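Bear in mind that the values here come from a model prediction, so they are computed numbers and not experimental data.
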Protein chains: 2
Amino acid sequence: MASPDTRTQLLDAAEHLFAERGYRGTSVRAITDLAGANLAAVGYHFGSKAELMSAVARRVVEPINAAQCAGLDRLLARTPDPAVADLVEAFTGPLFDEMQAGDEGGARTSRLIVTILGDPAEEVRSWTGPAEDTVRERYLAAFGRALPDLSPEELRFRMRGILAVTAVDRVEVYQQSSPTCPSPVAGEAARHWAITFLTAALSAPPTRT
Amino acid sequence: MASPDTRTQLLDAAEHLFAERGYRGTSVRAITDLAGANLAAVGYHFGSKAELMSAVARRVVEPINAAQCAGLDRLLARTPDPAVADLVEAFTGPLFDEMQAGDEGGARTSRLIVTILGDPAEEVRSWTGPAEDTVRERYLAAFGRALPDLSPEELRFRMRGILAVTAVDRVEVYQQSSPTCPSPVAGEAARHWAITFLTAALSAPPTRT
DNA sequence: ATTTCAATCAAACGTTCGTTTGAATCAAAC
DNA sequence: GTTTGATTCAAACGAACGTTTGATTGAAAT
């Protein structure tokens with residue numbers, strides 16, 4: 001169906017450059033140069049730069065979504081009403097796992113996610129598949145059962161806080177670490193700090209209105 | 001020293017467009033068109049597009065920094081060791097004040113801040129003046145006294161969480177609200193939700209290592 | 001040997017970008 | 001009335017952009 005190599009190398013190069021310089025800051029020529037491919041390869045394999053970005057995003061987000069989903073399944077298999085701390089860990093864990101797994105790949109992944117989410121262009125942000133929404137809704141329901149006193153609106157607010165804290169933290173780690181050494185120590189510490197931080201935040205009593 | 005109008009109108013137009021489409025997504029031509037000025041006006045008044053961005057950022061951030069500083073002064077005048085909740089409110093308050101103050105200007109301000117902070121280009125992120133660092137260090141010291149059991153590293157992590165939660169929330173509000181109606185109700189509720197959320201998070205016991 | 005077809009390639013397409021130029025404008029100073 | 005100096009203007013600059021084209025490759029199918 002496709003070349004076994006250049007297509008993947010284009011995805012790799014694009015993921016790297018999009019994370020480092022953003023979508024608009026990365027030219028198709030820079031991608032093909034890094035991939036060792038011809039300039040026209042992007043058009044041939046993906047159709048356009050935007051569709052390449054979409055493919056990159058899908059490749060990055062899918063395993064995270066799957067891991068989050070599996071983590072929730074594992075929790076629910078044990079007990080129908082997991083504790084807040086366990087839910088937080090299951091949700092944020094995959095984001096941290098990505099990091100220490102690869103050679104600086106994981107922090108870059110987070111950087112890429114923030115680059116996408118933070119980009120004002122609809123074109124860049126519009127790849128959010130239905131799978132992502134499904135996972136979020138499932139966690140929302142689980143958190144709702146664990147925190148029954150919270151209004152749906154405030155619960156949504158707090159869940160948004162989870163993503164904000166983890167994503168921003170990972171970006172900071174990526175920006176400060178040298179390109180070659182991602183400092184896994186800081187990454188592992190941040191993982192536990194984030195769970196402590198977010199569990200306390202989620203578990204706070206409802207804001208009295 | 002300068003025209004009373006076009007310079008300011010360029011700043012207004014640039015602030016609007018940078019917030020909505022990002023730095024790279026905004027052309028100098030779009031700015032001058034919206035400002036009703038000539039294309040060359042940006043070069044004449046600011047030197048370059050990058051310096052215009054720097055001027056916009058400074059104009060947006062300075063009043064926030066000043067308000068954060070004044071809020072801390074007010075707290076310290078009352079007691080040398082303010083409570084965590086009061087510190088959180090003094091720090092996040094100015095970010096929320098900006099919103100309900102103006103006609104959709106405040107949420108846009110937050111959108112702009114996130115656009116800047118999230119932009120991978122060093123050129124865009126490098127405007128952080130010394131004033132910003134000073135304010136952050138002062139709050140860091142105050143939080144340190146209020147939370148003496150926390151290691152400096154974990155305290156820094158938690159303070160980064162404050163910015164992450166407030167900024168990301170404000171962006172969400174901006175993206176969902178119609179351009180004309182920023183829904184100040186949601187803004188006022190989010191303000192209290194954020195204080196609750198962050199106070200609990202900051203006050204969590206130290207992560208045991 | 002010929003056909004076939006996906007893949008790669010150099011080259012060019014037209015557009016948009018940030019910036020620069022040099023003349024035109026206009027009120028204040030002389 | 002003339003000069004001055006700051007400001008605005010239309011026009012063009014070269015560079016970089018995403019995309020398209022049409023020829024070329026090379027291995028598998030006939």
Side-chain angles (χ1 to χ4, degrees), chain A residues 1-58 112 115-116 119-127, chain B residues 1-58 112 115-116 119-127:
Chain A
M1 183 190 296
S3 161
D5 237 9
T6 57
R7 211 189 116 98
T8 304
Q9 278 181 310
L10 283 175
L11 283 170
D12 291 340
E15 180 180 325
H16 190 165
L17 293 173
F18 284 153
E20 205 158 64
R21 314 182 194 173
Y23 176 74
R24 296 197 138 102
T26 302
S27 68
V28 174
R29 284 168 176 83
I31 295 171
T32 52
D33 282 359
L34 182 61
N38 185 271
L39 172 59
V42 166
Y44 177 78
H45 285 283
F46 298 94
S48 68
K49 181 188 177 185
E51 291 174 274
L52 168 58
M53 166 58 123
S54 176
V56 168
R58 248 177 293 125
L112 176 64
T115 293
I116 296 170
D119 198 303
E122 190 105 9
E123 175 192 21
V124 177
R125 240 182 311 109
S126 63
W127 51 264
Chain B
M1 182 189 293
S3 160
D5 239 8
T6 57
R7 210 189 116 98
T8 303
Q9 278 182 311
L10 283 175
L11 283 169
D12 291 340
E15 181 181 324
H16 190 165
L17 292 173
F18 283 152
E20 206 158 65
R21 314 181 193 174
Y23 176 74
R24 294 197 140 104
T26 302
S27 69
V28 174
R29 284 169 176 81
I31 295 171
T32 52
D33 282 0
L34 182 60
N38 186 271
L39 172 60
V42 165
Y44 177 77
H45 285 283
F46 298 95
S48 68
K49 180 189 177 185
E51 292 174 272
L52 169 58
M53 165 59 123
S54 176
V56 168
R58 248 177 292 125
L112 177 64
T115 294
I116 297 170
D119 197 301
E122 190 107 10
E123 174 193 23
V124 178
R125 241 184 308 110
S126 62
W127 51 264

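Rounded to an integer number of Å, the gap from CZ of B:Phe46 to P of D:dT8 is 11 Å. D:dG18 atom C1' lies 11 Å from atom CD1 of A:Ile31, rounded to whole Å. Atom CZ in B:Arg7 sits about 14 Å away from atom C1' in D:dA6, given to the nearest Å. A:Leu10 places its CG atom 13 Å from the P atom of D:dT19, with the value rounded to the nearest Å. For the pair B:Tyr44 OH and C:dA24 P, the computed distance is 18 Å after rounding to whole Å. Distance CD (A:Gln9) to C1' (C:dT8): 14 Å, rounded to an integer number of Å. Rounded to an integer number of Å, the gap from A:Leu39 CG to D:dT21 C1' is 12 Å. The CG atom of B:Asp33 sits 15 Å away from the P atom of D:dT8 (whole-angstrom rounding).
Remark: C:dA29 base-pairs with D:dT2. Criterion, Watson-Crick or G-U wobble with two distances under 3.5 Å.
Of the residues B:Leu17, B:Thr26, B:Asp12, the one that meets the side-chain contact (heavy atoms from CB on, under 4.5 Å) test with B:Leu34 is B:Leu17.
For the residue pair B:Gln9 and B:Ala35, the shortest heavy atom distance occurs at O-CB, 3.5 Å.
Phosphate proximity of C:dA10 to A:Asn38: present, with a side-chain N or O under 4.0 Å from OP1 or OP2. Residue A:Thr6 places none of its side-chain N or O atoms closer than 4.0 Å to OP1 or OP2 of C:dA7. A close approach under 4.0 Å does not occur between any side-chain nitrogen or oxygen of B:His45 and OP1 or OP2 of D:dA6.
Each of A:Gly25 and A:Gly47 was matched to the nucleotide of DNA chain D holding its nearest heavy atom; the match closer to the 5' end belongs to A:Gly25.
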Quick one: which protein N/O atoms are closer than 3.5 Å to N/O atoms of nucleotides 13-17 of chain C? Pair and distance per line, please.
none

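Side chains of B:Asp33 and B:Leu39 form no contact here, defined as non-hydrogen atoms less than 4.5 Å apart. Using a 4.5 Å cut-off on side-chain heavy atoms (C-beta onward), A:Val28 and A:Leu52 make no contact. At least one side-chain heavy atom of A:Arg7 sits less than 4.5 Å from a side-chain heavy atom of A:Phe46. The closest side-chain heavy-atom distance from B:Asn38 to B:Thr32 is not below 4.5 Å. Between B:Tyr23 and B:Lys49, some side-chain heavy-atom pair lies under the 4.5 Å cut-off.
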